[in-house]
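Worksheet: one structure, shown below.
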Amino acid sequence: MLAIFKPGQGFYTRVCSAVGLGLLACMGGMWLAPQFSGRRILGLEPIYTQAAVVVLAIAIVAAIGYWLIGVKPRAVDFFIATEGEMKKVNWSTRKEVTGFTIFLAALCFLLDYVFAVVLQWVGVLESTK
């Protein structure tokens, strides 16, 4: 019942999804800890209450993640299909990406400059000179 469904298939998609879910769980724990600052539950010191709540929340997210990423057949089949489709993608080369990034940065700079000049001329922006 809790065995990994189709082990070895969709490995990278599952691992990346698990890492992403783990990061979300940790960030959620960082948000959750201050919410229980100074509170005592079951007579525990506030710091232990904070730690227990964060550990419990991360454990719940981990259990749900394990079920979704490793056990639930429909979700696992989706991950396997996603990895198969990603292998078919024709990825751009580093040279193409670099060239497009430089072009896009230059275009943004030019548009920013043009808009700043026009808005200063109209009187919406103050001159920085």
Any non-hydrogen side-chain atom of R74 less than 4.5 Å from a side-chain atom of F5?
no
Of all the heavy-atom pairs spanning A25 and I58, show the shortest one and how long it is.
O-CG1, 3.8 Å
Determine whether W91 and M86 satisfy the following criterion, side chain to side chain contact (heavy atoms under 4.5 Å, CB included), listing intermediate values before the conclusion.
CA-CA 9 Å; W91 296 100; M86 294 303 284; 3.4 Å; yes
Could you give the distance from OH (Y12) to OG (S17), rounded to the nearest 0.5 Å?
14.5 Å
Quick one, Y66 and I4 - any side-chain contact, counting heavy atoms below 4.5 Å?
yes
Exam field: side chain Q9 to backbone I80, donor-acceptor pair closer than 3.5 Å:
no
Residues V97 and S92: closest non-hydrogen pair is CG2-CB, 3.8 Å
Could you tell me whether E126 atom CD has more than 12 heavy atoms of other residues or ligands within 6.0 Å of it?
no
For G65 and L21, work out which heavy atoms get closest and say how close.
CA-CD2, 3.2 Å
State yes or no: do I102 and L104 share one hydrophobic cluster built from I, L, V, M, F, W and Y residues joined by side-chain heavy-atom distances below 4.5 Å, directly or via other members?
no
Report whether V114 and W121 are members of the same hydrophobic cluster (ILVMFWY, side-chain heavy atoms less than 4.5 Å apart, transitive linking).
yes
Indicate if L23 and V15 have the same hydrophobic cluster label, given that clusters are the connected sets of ILVMFWY residues with side-chain heavy-atom separations under 4.5 angstrom.
yes
Find the distance between CZ (F78) and CD (E85) and round it off to the nearest 0.5 Å.
10.5 Å
Measure up the F109 and Y113 rings against each other and bin them: parallel (under 30°), tilted (30 to 60°), perpendicular (over 60°).
parallel
My understanding is that only one of K72, K6, R14 makes a salt bridge (charged side-chain N to carboxylate O under 4.0 Å, His left out) with D77; could you say which?
K6
When hydrophobic residues are tied together by side-chain contacts of less than 4.5 Å, even through go-betweens, does W67 share a cluster with I60?
yes
Is atom CG of L110 surrounded by more than 12 heavy atoms (other residues, nucleotides or ligands) closer than 6.0 Å?
yes
Neighbour count >12 (heavy atoms, 6.0 Å) for atom CD1, I47:
no
Give me the atom names and distance for the closest heavy-atom approach of L68 to A75.
O-CB, 3.2 Å
Are V71 and I64 co-members of a hydrophobic cluster defined by side-chain heavy atoms under 4.5 Å apart?
yes
When every non-hydrogen atom of L32 is compared with those of A57, the smallest separation belongs to CD2-CB, 3.7 Å
